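What follows is a set of notes on a single structure, which appears directly below.
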Amino acid sequence: MHTAFAVSLSTPFLNPQKLLYGNSIPRFNPTLKLTSFRQLQTSCSLGFSCQKTSFLSSSCQCFKSQISSSIICSNYGCHSLRVRAASVPESTSENETSDFVRITQLGAMFGIWYLLNIYFNIFNKQVLKVYPFPATVTAFQFGCGTVMIIIMWALNLYHRPKLTRSQLAAILPLAVMHTMGNLLTNVSIGKVAVSFTHTIKAMEPFFTVLFASLFLGERPYFWALSSLVPIVGGVALASFTEASFNWIGFCSAMASNVTNQSRNVLSKKLMVNKEGSLDNINLFSIITIISFILLAPTAIFLDGIKFTPAYLQSAANQGLNVRALCLRSLLTGFCLHSYQQVSYMILQMVNPVTHAVGNSVKRVVVIVSSVIFFQTPLSPINSLGTALALAGVFLYSRAKQIIKPMPKAS
């Protein structure tokens, strides 16, 4: 850091000069303490040399040290001079490098998030098509995530948290919504096409705005709200012309929007509200374990015991052998836990609205990949509705980048 010194007159020259001794007490900056003060003619203490050049100017140069406070010097031609140290900013290259690294890291995390989503949706649809028990499938996926978490903690790959009762009470509602959101999504994917499920789930920014206003106290601007209109209109148009439309699939996908976005907003609130709150990895780990504990008995109650050899063979008769079924089920569990873990890591780095917009961009990637892989037929009006919804998401993201949400009035 470079330091420059500015010299300015502290009092008018026309005032009579006062003595430096006796009853006259020199005034100094409170941050600088001197035990003695000599009458100065051509030099000042602390390495400053003062020379009289004219009635209206003088100079003071630093020879020995740098000063971060003001010094009053007295000379023949002036009553006093005030010397100030000014800091010259260094190059911002370090900050730019740090921002570049952060943006690169965030971009890589978004890419991994999208790739894992593609594999999860393809494998998940293949499993649910021949094994139509979404509660059992979802419980198995949570079980895979629980095993991954236990291995992570057992090998000290990540520190195990110490939960308090207050933290557990705050996490429990998140786990319930997380369980319902994943279960409802699997119900929808099992009933309708993957592309249609994710077209419905493109309405997530709408619910994000709603719950951010309710739980975080954010009031969005008019343009941000206006950009949600094409999203709702596009989803409605795509729903009316969807060949695989099913009311169970439609309603479960819409309900998953409510549960997932309320979970995301409340998770953000939990991470920033308390000083001793859990970090993103442990928070999601605890939620996954609780979700497995909640859903495992519920799945048996809803579906019964459906993982017997007879049911697995029944799935094999529909075109997917037992080995392929088990392998794809394991891969869906791995991809689900991994992409949701990355999602929570991104959520702590950005605000909930940005996370929802990135989630909507993910819908585009998943919709296109699923249409290509499963060769899903799309009518022109259906394609128009999907495009309109995704265009609304883009407009919404632009509105949120330009204008930040207003804080709620106290």
Side-chain angles (χ1 to χ4, degrees), residues 108-145 148 181-202 204 238 242-246 248-250 252-253 256-257 260 288 306-307 311-312 314-343 346 358-378 382-383 386-387 389-390 393:
M109 292 174 66
F110 270 101
I112 295 173
W113 186 25
Y114 295 168
L115 186 62
L116 290 172
N117 262 274
I118 293 173
Y119 281 108
F120 167 75
N121 282 278
I122 291 176
F123 292 147
N124 200 29
K125 180 63 177 178
Q126 290 177 334
V127 170
L128 289 170
K129 187 176 181 180
V130 300
Y131 190 77
F133 305 107
T136 302
V137 172
T138 308
F140 180 80
Q141 293 168 355
F142 284 144
C144 292
M148 294 172 63
N182 283 269
L183 176 59
L184 291 169
T185 299
N186 281 345
V187 170
S188 179
I189 291 177
K191 294 293 183 180
V192 297
V194 175
S195 57
F196 181 55
T197 297
H198 286 277
T199 299
I200 300 172
K201 290 174 74 67
E204 283 188 343
E242 174 61 34
S244 64
F245 181 84
N246 180 282
I248 297 177
F250 174 82
S252 58
S256 69
N257 285 335
N260 285 334
T288 300
K306 302 297 184 181
F307 40 84
Y311 283 99
L312 296 178
S314 174
N317 295 335
Q318 301 184 43
L320 197 63
N321 59 59
V322 176
R323 181 179 180 181
L325 176 63
C326 295
L327 179 60
R328 281 167 173 75
S329 298
L330 288 172
L331 289 174
T332 56
F334 170 79
C335 291
L336 175 67
H337 179 77
S338 299
Y339 94 69
Q340 290 186 335
Q341 179 67 79
V342 174
S343 174
I346 294 174
N359 203 16
S360 299
V361 175
K362 179 200 68 181
R363 305 288 177 211
V364 181
V365 180
V366 173
I367 288 172
V368 173
S369 61
S370 64
V371 168
I372 295 174
F373 185 85
F374 294 108
Q375 297 181 353
T376 306
L378 295 177
N382 185 275
S383 302
T386 302
L390 298 177
V393 172

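Keep in mind it's a predicted model, so treat the numbers as computed, not measured.
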*Looking at side-chain heavy atoms only, is the closest gap between Ser329 and Val137 below 4.5 Å?*
no
_Close side-chain approach of Ser370 and Asn121, heavy atoms under 4.5 Å_ = no
*Got a donor-acceptor contact below 3.5 angstrom from the Thr376 side chain to the Ile372 backbone?*
no
_Distance, nearest 0.5 Å, that separates CG of Leu116 from NZ of Lys362_ = 11.0 Å
_With heavy-atom distances below 4.5 Å as the criterion, would you say the side chains of Val371 and Leu378 are in contact?_
yes
*Going through the checks in order, is the side chain to side chain contact (heavy atoms under 4.5 Å, CB included) test met by Asn246 and Phe196?*
CA-CA 10 Å; Asn246 180 282; Phe196 181 55; over 6 Å; no
*From CD (Gln141) to CG (Leu331), nearest 0.5 Å*: 11.0 Å
*Drop me the distance from Leu312's CG to Asn321's CG, to the nearest 0.5 angstrom.*
11.0 Å
_Gap separating the NZ atom of Lys201 from the CD1 atom of Ile189, nearest 0.5 angstrom_ = 8.0 Å
*How far apart are the closest heavy atoms of Ser338 and Met148, and which atoms are they?*
OG-CE, 4.0 Å
*Describe, in one word, how the ring planes of Phe110 and Trp113 are oriented to each other, choosing from parallel (under 30°), tilted (30 to 60°) and perpendicular (over 60°).*
tilted
*Report yes if some heavy atom in the side chain of Leu336 is under 4.5 Å from a heavy atom in the side chain of Gln340; otherwise report no.*
yes
*Should the pair Phe250 and Phe245 be assigned to parallel (<30°), tilted (30 to 60°) or perpendicular (>60°) ring geometry?*
tilted
*Counting only N and O atoms by type, is there a donor-acceptor contact under 3.5 Å from the side chain of Ser188 to the main-chain atoms of Gly249?*
yes
*Check: Val366 and Phe120 side chains under 4.5 Å, non-hydrogen atoms*: no
*Search all heavy atoms of Gln126 against all heavy atoms of Leu320 and return the closest pair with its distance.*
O-CD2, 4.0 Å
_Please check: side-chain N/O of Ser256 versus main-chain N/O of Ala253, any donor-acceptor pairing under 3.5 Å?_
yes
*Please examine the side chains of Phe374 and Ile122, heavy atoms only from C-beta on, and report whether any two atoms are closer than 4.5 Å.*
yes
*asked:* Can you confirm whether more than 12 heavy atoms, excluding those of Lys125, are under 6.0 Å from its NZ atom?
replied: yes
*Check whether any side-chain N or O of Asn124 sits under 3.5 Å from a backbone N or O of Asn186 as a donor-acceptor pair, and report yes or no.*
no
*Could you give the distance from CZ (Phe123) to CZ (Phe334), rounded to the nearest 0.5 Å?*
11.5 Å
*Could you check Val192, Thr386, Val194 and say which one makes a side chain to side chain contact (heavy atoms under 4.5 Å, CB included) with Thr199?*
Thr386
_Nearest-0.5 Å distance, CD1 of residue Ile367 to NE2 of residue His198_ = 7.5 Å
*Ignoring hydrogens and geometry, is there a side-chain-to-backbone donor-acceptor pair from Ser343 to Tyr339 under 3.5 Å?*
no
*Determine the minimum heavy-atom distance between Leu330 and Cys144, stating which atoms define it.*
CD2-SG, 4.1 Å
